[in-house]
Amino acid sequence: MDQIPQPASIDDIENLVESLYQPNSPAVISRIQESLQGLQKSPDGWQIADALLARSSDNVKFFGALTFVVKLNTDTIDDDAAKLLVQKLINWLVASLDNGAGSIVIRKLCSALVTHYIHFSHLWPHCIRDLVYCLDLDKGDVLDDAKDAAPVGDIFPSLTPQKAISVAWFAAALAEEGEKIDSRSSKYIALHERLVRNSQDVATIVAISLSGSAGPRVQRDAIDALHDWMTYGERIPNDQLTANLRPLLRPTIECLVVDDIYEAAIEILTDSLNNWQTFFTKDDYELLYSLFDSDWSQKHYQELIQGDFDFAAVKFGLLMIAFGDAQITELLNPSNERAQRFLSGLLGLLAAQGHLVAEDKIFVPALDFWATLIESMTDDLFSEPDQPVNWNIPPLSYLMQVVSHCWRKIQYPHISVYNAWDSTERVGFSDARKDVCDLLQTMYTLAGDSLISVFVDLTTQSLSTTAWAELEAAAFCLGSLSDCLPDNDSCDAALSKVFGSQLFDLLRQGQSVVPVRTRQTCLSLIERYSEYFVRRAEFLPAALNLLFGALNESHLAGPSAKSIYRLCSSCRAILTPEVGAFLEQYGMIRNSVPMDSLTEERVVSAIASIIQAVPEESQRLGAFQQLLMLIASDIEKAIQLKSISFMLEPNDPTVMRAFDLNQQPTQPVPGHEVALQVAVRALRCLLGAAKGLQSPSDSPINLDADESSMVVKSSPELEQLQANIMSILAQTKTTFHDSLQVMSDINHVVRAGFSETEPGPFVFPPQMVIDLLTSPWHVAAPTAVNTAQVFLSYVHNGNYRGQMRQVIDQLLPWVISYIGMLGHPSNDPELAQFSIEFIQKAIQRCPDVLSRVQPQSNAEYIFTFAIEMLNGKEPLPKAAAADFWTSFIMLKSDDEGTQGTIDGAMNQFGPILAQSLIHNIGGNAARSELDKLSDPLKKLVFQNAHARQWLEAELNDDSFPSDKVSPADRALFLKKITSLRGSRATNQVVKEFWVSCRGTGLGYTS
Amino acid sequence: MATDKQSYYELYRQSSVGAALTDALDDLIMETRIDPQLAMKILANFDRAIAEVLQNQVRARLSFKGSLDTYRFCDEVWTFQLKNVTFKMDSGGQVVSADKVKIVSCTAKPTGT
């Protein structure tokens, strides 16, 4: 079926519509849809719609009704035609109801009537009354007589249930569509006023339907209609509407106990309590309290907490929570017994039977409620600090029960149960545990250190009874509170009960005794309380021995390494005497224990952080030399392996060490592949060492240091170490020159020293960095240029500031050579961006560098390149170019010669820059780029006397990209931006001008 | 910003994803593939969707510590200015530090409900 033949008759169209519902390929369906949409939009669409509605098939009738909707939305008809149309639509509705058409047809006809009303509400303003009247008389032609008819309340009860339902559907669609229409637009004010006037009739039909005389189906659809009207009333507030709808709340609440309409009633009540609490009166709340006290509620509640999590039961729980949210003020009042009784019910929701998320669907929403309640309690207590706090009466007394329920709920089930869960359930379980953490952290503000004691006790009790799931949950909760603790020893005594207990001994016993998950959580606990170990160093050896021992086990290695790093980093000053032992330990395990590269990197980082704290320089450098030798041996091995041509067996120790545990090969691997993995691992370790050697952020800074005191102290040992590291990097770079990963890691190692103010092995002298950077980069040139621009900032802010000029003189030609090779920025946007950012920083630091660029044509090339970037389509290079020009326009120099060069360049490129900016602002740029492009424009206007002239010339030039703005508009734009003199308001003017230039209604958003 | 109860906050339109969406809508309008009214509806949907997704589906967390320098509450908007802030990511990665941080927070639900 390559082409759909153009239908020649209504029968053909009917067949085509029916074929849409037959199994067909997506391409065929798409072509059928295209053909049918063409018919809908054709001038014959009205007749086709009419004819299709006369057919017997529901699918065809539906398409007929849909065609009316499309025509109403796309065609323009006069009021007379519209009047006839509404009568016709009502006639079709009557006919369809009579001949038993399906609900899709009736609903679509209601939808067509609503669409008609949205466009022609003035023709039948009282649409509900009119529709009821017409349906009662079974014809649409009597629409005009409806205004003299009896009130809706008198006619509606006589409608058949089908007709009553169709009125409810129409009313629901009316509110649903009305809510989507902008109430602020003057065009639709009258429509919204008419909708509000109809709400009285809606209220009448809903009230009659809720009485139940026409059966539960009518009741349910009436509640649905009310739901839509309440949503409308919530979004578009109106007192009259609220007053009309409010009396319906009580009968809706009473509908809750009717099984057939329970679902609809509970949905509307929960939604309204969540979103529109002021809609409920005091009496409504009283009624709900009474309901929750009733036997009916108790039955539902008991079912829920006994583990019945079917739809109806969960909905009941959500209603309770929504009611609790709406009544928070009352629930905080200890003297309100009824509220406290209800709150105890909400407490029970946290203890429903069943596993979290996989079975228990109410815990997470209930937890959310309790978190809100605790926040409100905290606000209350802090706003009235003098008020006595009594933890023995509700609601405060409930909080410890909340803690207890949460602790029980987040306990992992037996592994067989957990393994049976799908991934969503597992993620949900894990997320719920994090929600519990949040709640505990909120509660800590209220409960303070006593909360720590609770979990310390639970941990020690679980330990004594070897209840591993309970221990895991207690340790998890205790760990979550670590960030809340003050930086003092107020909780150390409590924590010592845990860390001084048999915990470490038990954990050391291995998986056969303590489950992996419990061990993982307990090891993380050590990391979370690393500051504690600084104060209680007596527990440190046991903790570290435990952690190093756990590196042997694949499941524990990751968390152990993380904990080792945190512990060593925090306790570095205490551990310095043991640095030799750490190095020895690392030397042993790196060849005997299979570790992932990340694990090894963390261990190396941990040891390096201890080395960093060694006070005596020669000892410090000696220790680092040992560490470096271990890493260097890997690099040597990688270089050797690179040249071998044979395959290595998967059980070869080198292969096993090269690959992470989950990537271990099963087939022989080529030597060069192993070489690459070994090199990457070694570089990661080197990076770990560099990070470990970084000074802690809380180390003292000499604020009185002046530039003259910024003398870089070095020693032959340090210089040798730096040379060794640089040699490793250079060799690796040469050997693995085609590996993007290796090049990226080398750059990261180099950058690690840029944050340091004190000399160190990775704080290389500028010349070393320059030599490495300016050596050939076969891949990753953008990364190298990016490192160079970071390097400029480092030189500028650090101890080598005096060498800035020499640094730029060596690096600038290198960067220019890259952009020269690049040709056009679009050939490598990333390289273009980093290059221009480097040049921007260079000229900011040393403006005279421009006059020293040789040959001078290179300087011109830079500016041309920056203009090309500004004219390009790539957002990041364009933003970088805008920043470059902003800086350049502001550039000033005390040196007359340099200032002359700057002025000369500005005079030469000013008009070209103005052209680029005007073309961008004139419509070429994307909206999101305008703020960035406004920066150079503002500076140009503020700084340069020729700016107006340049901009004016470009605005009036034939090449101006838009014909949608008149010369007067352009002149006005110029006048505005020049009079604003570079102030912030320019951005808005630029945006408005851009919208005018683009035209076609781009002012749809600000 | 939310101007009344029927609107969600428009502040996420300034985010990268919001700006990219707006640029794409601009292009579609320029190519007369959609009209501006549809673009407005799409942006309104975006406002709603991003608020809901951020609230309900984003589970990544971070914690931070710092000194509270200034705070104010004006027109339902809290502003906090913090100094010497350290951020700890949920994933347990490196700690990120910042000298100054400004937090602007709006109430999750429009007021008056």
Side-chain angles (χ1 to χ4, degrees), chain A residues 179-184 232-237 272-279 326 427-428 430-432 434-435 437-438 441 480 482-484 487 524 527-528 558-559 562-563 565-566 569 605 691 697-698 755 875 923 925-929 931 994-995 998-1006, chain B residues 1 3-8 10 13-32 34-47 55-65 84 86 88 90-97 108-113:
Chain A
E179 184 224 318
K180 293 177 192 163
I181 293 168
D182 187 0
S183 64
R184 291 167 293 182
Y232 176 81
E234 175 217 334
R235 297 278 165 87
I236 302 168
S272 312
L273 283 165
N274 278 330
N275 300 318
W276 198 8
Q277 290 157 8
T278 52
F279 184 71
V427 169
S430 169
D431 286 343
K434 290 176 185 171
D435 288 339
C437 289
D438 283 351
Q441 287 170 357
S480 75
S482 63
D483 286 333
C484 304
D487 297 330
S524 297
E527 177 217 335
R528 288 187 163 271
K562 201 170 143 195
S563 298
Y565 172 67
R566 280 288 298 274
S569 180
S605 209
K691 285 180 183 169
S697 54
D698 55 357
S755 62
R927 188 194 299 265
S928 61
E929 295 162 352
D931 278 337
W994 176 87
V995 168
R998 281 259 180 138
T1000 61
L1002 286 200
Y1004 66 92
T1005 183
S1006 54
Chain B
M1 304 298 289
T3 50
D4 65 20
K5 280 168 70 175
Q6 76 182 82
S7 303
Y8 284 81
E10 292 177 5
R13 293 184 189 186
Q14 309 300 319
S15 64
S16 308
V17 66
L21 174 64
T22 312
D23 285 348
L25 292 173
D26 288 345
D27 289 345
L28 289 171
I29 292 170
M30 291 299 289
E31 293 161 11
T32 63
I34 62 169
D35 57 31
Q37 286 72 28
L38 180 56
M40 281 167 71
K41 287 195 174 183
I42 291 170
L43 279 181
N45 269 337
F46 168 77
D47 296 336
Q55 185 177 2
N56 301 327
Q57 289 183 35
V58 176
R59 314 300 304 193
R61 291 145 201 257
L62 60 76
S63 57
F64 58 90
K65 263 187 177 180
N84 302 323
T86 50
K88 247 168 69 178
D90 203 21
S91 56
Q94 210 180 352
V95 173
V96 176
S97 304
K109 280 183 190 173
T111 52
T113 56

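In what follows, chains carry the letters A, B, and so on, assigned in the order in which the sequence lines appear, proteins first and then strands, with residues in each chain numbered from 1.
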Practice prompt. Hey, could you give me the CZ/CG distance between Arg998(A) and Asp27(B), rounded to the nearest 0.5 Å?
Written response: 6.0 Å

Item to complete: Answer yes or no: are there more than 12 heavy-atom neighbours, outside Lys65(B) itself, under 6.0 Å from its atom NZ?
Response: yes

Practice prompt. Find the distance between OG1 (Thr1005(A)) and CD1 (Ile42(B)) and round it off to the nearest 0.5 Å.
Written response: 12.0 Å

Discussion item. Under 4.5 Å from any heavy atom of chain A, what part of Thr22(B) do you find: side chain, backbone, both or neither?
Written reply: both

Discussion item. Between Asp35(B) and Tyr1004(A), is there a side-chain donor-acceptor contact under 3.5 Å, judged purely by atom types and distance?
Written reply: no

Worksheet item: Looking at Lys434(A), Gln441(A), Arg566(A), which makes the most heavy-atom pairs under 4.5 Å with chain B?
Response: Lys434(A)

Worksheet entry | Asp23(B) portion near chain A, given a 4.5 angstrom heavy-atom threshold | side chain

Discussion item. Within a 6.0 Å radius of atom CZ on Phe64(B), are there more than 12 heavy atoms belonging to other residues, nucleotides or ligands?
Written reply: no

Practice prompt. Let me know if Asp435(A) has heavy atoms under 4.5 Å from chain B in its side chain, its backbone, both or neither.
Written response: both

